[in-house]
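To start, the structure itself, in structure tokens.
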Amino acid sequence: MKAEKKKTNTKKIVCRVLAGVAAFFAVEWTFIGWQYHFGPLKFLGELRLQGMPGNGEAYDFSHIEPMANSPLEGRTVLFLGSSVTNGAAALHQSIPEYFAARMGCTVIKEAVDGTTLCDNGKTSYIQRMLNNVDPNQEIHLLVCQLSTNDASKGMPLGEFGDDTSTITGAIEYIIRYAKKTWNCPVVFYTNARFESDAYSAMVGRLREIAERDGAGVLDLWSGDMFNQISEEERTLYMKDEIHPYKAGYRDWWGPELEKQMITYLKQ
């Protein structure tokens, strides 16, 4: 009887422990899903983002007025990037969707959150460009995001050369591959300014490479006037220092990128 009672008590303890573990993970996944829209409950994050003022219906891209006589009308544009290109904080309306709505181009969106220019695995920019995009597809322009993940993850800036495990080598490779494969111009775009010496160095290196290799740079980083917005505007436009809401893409980043793109295409 004592042994049976002891066995029963052990089962009860195990059940309590398992229930506690299950409750912990339920709370943890709920928080991660709500705060970071990641994991099995990531839909909670989507619900939270829908309620943010900067993602309000008034800022939906369906309200964007198409440009008359757009230089990209009917063109196919490949967008290569990570969470900023994906629109992670904007319910997946971001730069590709802005250009499609405003400039009338057909977009191929190759964007995965958390990925890097540096070729460090199957989700890197380079591997996705090589494996996910048809080399026989007619592409008229490649627009590549200068990924903030390379800066935040401490990826090496590197030197000029063929080492695609470095930021410099990856940028050079993307430009060469696109020109060889699709015979199309390549344009990189930067984030708006945030606190990062590493990203500042990336912008400087990008400009060196672009000038040497004939690529374009849509630079949101360097302009003082562009980056001088009020705290009220920043709250409306940005989820954090990296990721815009719909309002940020549509009313802050989009028009400036559009202006710089038109200038580049006229060259």
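These numbers come from a predicted model, not from an experiment.
Judged purely by distance below 3.5 Å, without hydrogens or angles, the side chains of Ser152 and Tyr199 never pair a donor atom with an acceptor atom. Looking only at atom types and distance, the side chain of His63 has a donor-acceptor partner in the side chain of Glu57 under 3.5 Å away. Thr85 and Gln145 are linked by a side-chain donor-acceptor pair at a separation below 3.5 angstrom, with hydrogens and angles left out of the test. Of the N and O atoms on the side chains of Glu233 and Ser230, at least one donor lies less than 3.5 Å from an acceptor on the other residue. There is no side-chain donor-acceptor pair under 3.5 Å between Asn55 and Gln50. Judged purely by distance below 3.5 Å, without hydrogens or angles, the side chains of Asn86 and Ser83 never pair a donor atom with an acceptor atom. Judged purely by distance below 3.5 Å, without hydrogens or angles, the side chains of Asn149 and Thr116 never pair a donor atom with an acceptor atom. Using modelled atom types and a 3.5 Å distance limit, the side chains of Asp119 and Gln127 yield a donor-acceptor pair. For the residue pair Thr123 / Arg128, no side-chain donor-acceptor distance below 3.5 Å is found, with atom types taken as modelled. Of the N and O atoms on the side chains of Thr168 and Glu159, not one donor lies less than 3.5 Å from an acceptor on the other residue.
Asp240 is linked by a side-chain contact (heavy atoms from CB on, under 4.5 Å) to Ile242, His243, counting only residues two or more places apart in sequence or in another chain.
Looking at Glu110, its side chain never comes within 3.5 Å of a backbone N or O of Leu80 through a donor-acceptor pair.
The pair Asp224-Arg193 meets the salt-bridge criterion, with a side-chain N (NZ, NE, NH1 or NH2) lying under 4.0 Å from an Asp/Glu carboxylate O. Classification of Asp213 and Arg176 as a salt-bridged pair fails, no side-chain N sitting under 4.0 Å from a carboxylate O.
In this structure, Tyr249 and Phe61 have perpendicular ring planes: the angle between them is above 60°, well past the 30° mark. Relative ring orientation between Trp252 and Phe226 is described as parallel, the plane-to-plane angle staying below 30° on a 0-90° scale split at 30° and 60°.
The shortest distance between side-chain heavy atoms of Leu141 and Leu78 does not fall below 4.5 Å. The closest side-chain heavy-atom distance from Arg102 to Glu258 is below 4.5 Å.
Ring to ring, Tyr98 and Trp253 are not that close: their centroids are 6.0 angstrom or more apart.
Annotation: cation-pi pair Arg250/Tyr245 absent, no NZ/CZ under 6.0 Å from the ring centroid and within 45° of its normal.
Here OH of Tyr125 is found 5.5 Å from SG of Cys144. Values are rounded to the nearest 0.5 Å.
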